[in-house]
Each structure stands twice: as C-alpha cells, then as structure tokens.
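Order of the sequence lines sets the chain letters (A, B, ...), proteins ahead of strands, with each chain counted from 1.
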Amino acid sequence: MIMKTVFEKTSGLTDNQTHYCPGCTHGIIHRMVGEVLEEMGILEDTVGVASVGCSVLSYEYFNCDMTQAAHGRAPAVATGIKRVLPDRFVFTYQGDGDLASIGIAEAVHAAARGENITVIFVNNAIYGMTGGQMAPTTLVGQKTATTPFGRDGSIQGLPIRVSEMLSTLDGTAYIERVSTHDVPNILKAKKAIRKAFETQKQGLGFSMVEVLSSCPTNWGLDPNESLDWIKDNMVPAYPLGVYKDAQKGDVR
Amino acid sequence: MGKVLMKGNEVIAEAAVHAGCKYFFGYPITPQSELVAYMARRLPEVGGLFLQAESEVAAINMVYGAAGTGVRVMTSSSSPGFSLKQEGISYLVGAELPALIVNVVRGGPGLGNIQPAQSDYFQVTKGGGHGDYHTPVLAPSTLQEIIDLTEAAFDIADRYRTPVILLGDGMLGQMMEPVEFKELSEREPEQKEWATTGTRGDGKPRIISSLELNADALEKRNELLQKKFALIKQNESRYETFETEDADYIVTAYGTAARIAMNAINKVRKDGLKIGMIRPITLWPFPEQPFIETRDRVKGYLSVEMSAGQMVEDVRLAVEGRAPVSFFGRTGGVVPTQEEIYDQIIKLAGGVEV
Ligand SMILES: Cc1ncc(C[n+]2csc(CCOP(=O)(O)OP(=O)(O)O)c2C)c(N)n1
Ligand code: SF4
C-alpha cells in the first residue's frame, strides 16, 4: 500500500503539547499563526512576544525565537525588539485582559507610533487564566466571576471595541476582526493574519488581527455551544471585517 | 580630548554612549530630563536610537525587549518614575537580561519635590520589585566618577546578565563640573548566544522568560540567581576610604552626601580630631570589608544621608554591634550643609579642645 501524506503539522509550531482546554480556540489561532509564518518563510526571521493569560506559555508552542512579557506590556517589549531589529518580524500574541485592560496604554501607543509589528489579539470576552473574571470586552449582561449578576454598564462600564478604537489612529496600517466559530470564518481569519504579516513585511506600520475566540471552561458551555455563543452573542457586539487597510484607504 | 564643562545628567548620557550604548527608552521627569534630551540629540549621531515612551512602565519594557536582542540599552528616571520601573526590573532580573537603569533621586514619598535626595536607597538595594532579588547599584559622587561607573555598570550588566542601577541624586544630575572623556572608540557589540534575534539557521529557537510554573524548578532558578548574587557580592563590591587607619570615628556617606561630609571631615581634621571616611561606591553589594577592618578599633561610626536613615541599617549589619553607629540625615530634598555635618561629628567625638 502506498501511503501519501495528505496533511502535516506546520513547522511553525513546536512538537510540544498545548495546555489549552478542550474546545478552546487558542489552539486554532496558534496553528494559523504558525502556518502563516511557515508559508511566508519567515520563521527564522521572527521574534514573537508571549503575553500573560492562557497563552502565557505560547513561547513553548511557536517554533521561533520568543520573549515572554509582563501582563499587558507585550507591545512595549515588541517595540524594543523591533527598534533594534527592524528587518525581523515581530509579533505579539495577547488576550483581551492583557491588551484591553492593564496593557491598553501600551497597545494604543504602539499603534499610534505606527510600530511596524503585528498584534494577534485574542478576544474571548473574559479572563481565562485567572478563572473567568470580567474583561474590558465582556458583553453587557454576561455573567463572569466578578460580574455574577451579569455585566451592568452603569456599574462596570461598557465593553471596549479595540479594533474600532485603534483604527482611528493614523499609525495603524491594517486592522481586521475575524472569528473562529466555523470553518469559513477560520479560513478568513488565516487570510487576515497573513495580510497583517504582509503589512509588516512591507513596512507599512502597526497591524492587528482581533480574533473572536472561545472559552468553554469559563463560559460554562460545551465546545459546540461556545462556538454558537461566539456567533450569536459576540459577532453582533463585535462586527467582523476590515477596519483599516492603509493600502486601500480607510475601510470603515 | 581635554576637559569639558558638563551637567551631571549629560555626563551620564555621554558616558553611556562611550560605553557602547546605542539604545535609550525613556520618559521625562525632573531632575533627570536633560539626560533624556541629550540622548534624543546624541544617539542618532552614533547610529543609535532614542525613543520617548508613553510611560516609565512602557520604557522599561521596551528596554526589556531591546535587551533580549543582546544590545547595550538603558533607561533613566527619577524616584516616582523609578517606582514604576520596578515591575520591569523584576522581570529583567527573572529573565536574566542586562540593562542600565539610572535613578536620579528626588525628595519623596509620593510626588514629593524635585530636590536632591537619597531616600530611594531601600528601593534600589533591597530589590524593590517582587521576588527575591538584588540589582547591583553604583553610586558616583563626582561627575568624573560617573564616567567610569557608567561603563562599569554596563560591564557588570553584561558579565552577570543582570540589570544594573546607576544611582545619582538631583544635585549630581544638575551640577556642572569639568570632566574628561576618553576618545570614543568604535566598540564591537558583544555577540550573545542567548539573544532572541531570529533563529536564522542557527538551530533551536531561544526563549527569554521569567516564568517557571513548577515550584521546584523555580526554586532551582532562584538558587542559581542567589549564586549569581553571591558572586557579584564577592567580585563587585567597591568603596573608597579616607584616613581610616588612625581614625577614632568614621563617617560614612555616599554620593552627594559623601562630598559634603568629606569637606566637613577635612575641617575637623584641621581641628585635630582623627576622623576617617568610608564611601560606599556600590550600595549593593554593600561594601562590608572596610567596616570589618575598622569596627574593632574605632569608637563609632556616623552615617550621613539625605534620607531618614536607610543605609545606616546596612552599616549596622556590617559593624555587627562591635561599635556604636549613629546617624545624621536630612529629608525632603534638604541637602545637609558642611557646617551641620561638622557639628554632628564634633558632637559625636565629644567636642574639640582649642
Ligand atoms: C500585573 C499582573 N496582574 C495580574 C495578573 C494575573 N493575570 C494573569 S492572566 C490574567 C488575565 C488574562 O486574561 P486575557 O488576557 O483575557 O487572556 P486569556 O486568559 O483569556 O487567554 C490576569 C489578570 C498578572 N499575571 N500580572
Ligand atoms: S480557560 Fe478558557 S481561554 Fe483558557 S485555555 Fe481554557 S478555554 Fe481556553
């Protein structure tokens, strides 16, 4: 019998087993980033920045040089790396607590400076790692460990739409929001990630892909229900699409 | 090169350039802002990069990123800003990255004022950020000495893969003195095999991280760090002594306080009292040796500080109760006068017979 290889693991990821919960889409997003780095042939020229959150160990998974940053500071760390090594590819991989809460200033200013880096922003509307507390992206009405009665805008404030916000800054070159809730969207997500790295390759400035992601464990839903929850609740609150494409002029 | 008249903050900046530092990430705060401004102008001239960060927190994390690529990199600030850098300093220590952090200390706590002080001693010598760690701290007392110590600071940082603190105060930062630099030589940047610069065909990806989820493994890492601190303690402790051989009493002070105390001691010596001086140059590691050598033969020590009494604790530890240790300090950005210190020494030594 002749065996034919029809599918191979991307060389963009190491052989380490990830620690993500079953049904968590962090793993899918990792794979897309790894595949893009491999397909673009830039793995050896890339320095990634892992952040704090469930993806804190992503330095164990991406098959390139990696630096681990303090909570929220990844865009500043990436700035330091990129300013010394302008010809390397530098990306951060950050959750919504990391980027939109403690690290919002670092994200806004890296974007405003037009740092030629790529941010992979994983929005699961909750803090995963610390046990399901409210994130800046938690939806109104969403129950979390710290909004046990549901997020009430008049008490806990209203969600931050990061893609919309950062796309108002002149320093941003490419910003797209994508989702992982079904295959067509996953394919779109990968295209967006590729586009973001291409943007960096062309030296156009700050690029970010916001990826709507699941957290079955802390949402208290099974993996399938979680994907439906993204589609039914997150997508309406966080509309998908290209928010900024400097090459085409502003999109939205 | 000849002598040039320069401001302390600018001397630190130029000394860093001489030491091969090409990257600076900072945020303005008085009384060290001239350092930031000098770098903004100077670094492009040597093919380097200056970047004004949005905050001290961002600046130290930019330093963390740049340090991970293996280059000589620095930031500078003053007390309230230095407090904000503590997060990053702890991470630099944990990830074993070399960098220079300058603290030109001002009066505190809180917003305090912009006058010179030494009240960050605890913060810089005892760790400051979270976790078990120390950072080497170098405390110059003249502008000429800044030049040597800035270079030494970068060398120590590289040798031990650790952040190093250069500690000044508002007086040193703002004063002008003639200084002489060596010719600027083109240094070959050191190749660091651990640096994350992209694997580029040289094999396995490198990781820079301070995370270790397993308690036993983290304890091992801590033990290794402690070994490194012990080595630094053994090799890098620096101090200067003045007429301690025949001294009945020894004054100890660092930085600006040491300059003023020195003048007071000269005056007391003219009055016939045998007073010596120990000037710690490294505050961590604290130089215990000159205290060990003198503690069984002097009648006492006087620690003079621009704080409410911080270094005096390390003096007491070094003296181990074998001689009395007294303290004189001014706080809030008040600089002690030569006369005040003179009076304190006279009081301690039991008066002068004229
Ligand atoms: C300074 C600091 N504060 C708090 C924490 C604790 N902490 C770790 S992960 C996290 C939230 C991460 O959430 P998110 O970025 O949304 O990532 P996720 O876990 O959902 O992937 C927090 C608060 C920390 N590590 N450091
Ligand atoms: S806690 Fe949530 S975000 Fe974290 S790995 Fe589990 S499912 Fe994923």
Side-chain angles (χ1 to χ4, degrees), chain A residues 11-14 16 19 37 42-52 55-90 92 102-113 115 117 129, chain B residues 22-25 27 43 48-75 84-92 94-95 97 99 129-130 189 194-213:
Chain A
S11 66
L13 296 178
T14 63
N16 293 330
H19 66 284
L37 296 178
I42 58 173
L43 263 174
E44 297 200 331
D45 291 330
T46 298
V47 184
V49 184
S51 64
V52 165
S55 57
V56 68
L57 288 172
S58 63
Y59 59 76
E60 300 270 12
Y61 309 143
F62 291 114
N63 195 18
C64 57
D65 275 2
M66 292 290 296
T67 294
Q68 207 290 316
H71 197 29
R73 317 298 176 218
V77 173
T79 297
I81 299 169
K82 186 74 181 188
R83 292 297 181 121
V84 178
L85 304 170
D87 63 339
R88 310 296 204 280
F89 290 84
V90 178
T92 71
I102 188 170
I104 190 89
E106 284 77 5
V108 167
H109 286 276
R113 284 192 302 270
E115 290 299 337
I117 60 172
M129 177 175 249
Chain B
K22 289 212 165 88
Y23 298 91
F24 183 97
F25 301 91
Y27 190 78
L43 282 176
L49 172 111
F50 164 86
L51 189 63
Q52 179 167 327
E54 64 270 26
S55 70
E56 288 86 351
V57 175
I60 190 73
N61 282 284
M62 290 173 184
V63 166
Y64 177 98
T69 71
V71 295
R72 285 198 159 176
V73 55
M74 72 183 285
T75 184
L84 291 179
K85 291 189 194 289
Q86 296 288 2
E87 172 194 84
I89 296 173
S90 168
Y91 277 76
L92 284 161
L97 293 177
H130 60 287
W194 49 262
T196 48
T197 53
T199 54
R200 297 211 155 175
D202 56 5
K204 214 172 153 275
R206 287 153 298 204
I207 295 169
I208 286 169
S209 169
S210 58
L211 180 70
E212 184 52 78
L213 289 171

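Chain A forms the most heavy-atom pairs under 4.5 Å with one residue out of B:V71, B:L211, B:T196, and that residue is B:T196. Most heavy-atom pairs under 4.5 Å with chain A: of the set B:M62, B:K204, B:R200, this distinction falls to B:R200. Most heavy-atom pairs under 4.5 Å with chain B, from the set A:V49, A:V108, A:T79: that is A:T79. Each of B:V63, B:L51, B:I60, B:V73 has some count of heavy-atom pairs under 4.5 Å with chain A, and the biggest count is that of B:L51. Interface remark: of the candidates A:G80, A:A74, A:A112, A:C64, A:G80 forms the most heavy-atom pairs closer than 4.5 Å to chain B.
For B:L49, the part lying near chain A is the side chain, with the backbone staying farther off; criterion is any non-hydrogen pair under 4.5 Å. For B:A95, no part sits under 4.5 Å from any heavy atom of chain A, backbone or side chain. Looking at A:R83, the atoms closer than 4.5 Å to chain B (heavy atoms on both sides) sit in the backbone and in the side chain alike. For A:T67, the parts lying near chain B are the backbone and the side chain together; criterion is any non-hydrogen pair under 4.5 Å. With a 4.5 Å cut-off on non-hydrogen atoms, B:A59 does not touch chain A at all.
Contact of the A:M66 side chain with the B:P205 side chain is not registered, since no non-hydrogen atoms from C-beta on lie closer than 4.5 Å. Looking at heavy atoms from C-beta onward, A:L85 lies out of side-chain contact with A:V90 at the 4.5 angstrom threshold. Side-chain contact check for A:F62 versus A:L13: some heavy-atom pair is nearer than 4.5 Å.
Checked by atom type and distance alone, the side chain of B:R206 pairs as donor or acceptor with a backbone atom of B:G198 at under 3.5 Å.
Among residues two or more places apart in sequence or in another chain, the side-chain contact (heavy atoms from CB on, under 4.5 Å) test is passed with A:T14 by A:N16, A:N63.
Applying the salt bridge (Lys or Arg N to Asp or Glu O under 4.0 Å) rule to pairs touching residues 69-80 of chain A yields A:R73-A:E106, A:R73-B:E87, sequence neighbours excluded.
Ring centroids of A:H71 and B:Y91 are separated by 6.0 Å or more, keeping the two rings apart.
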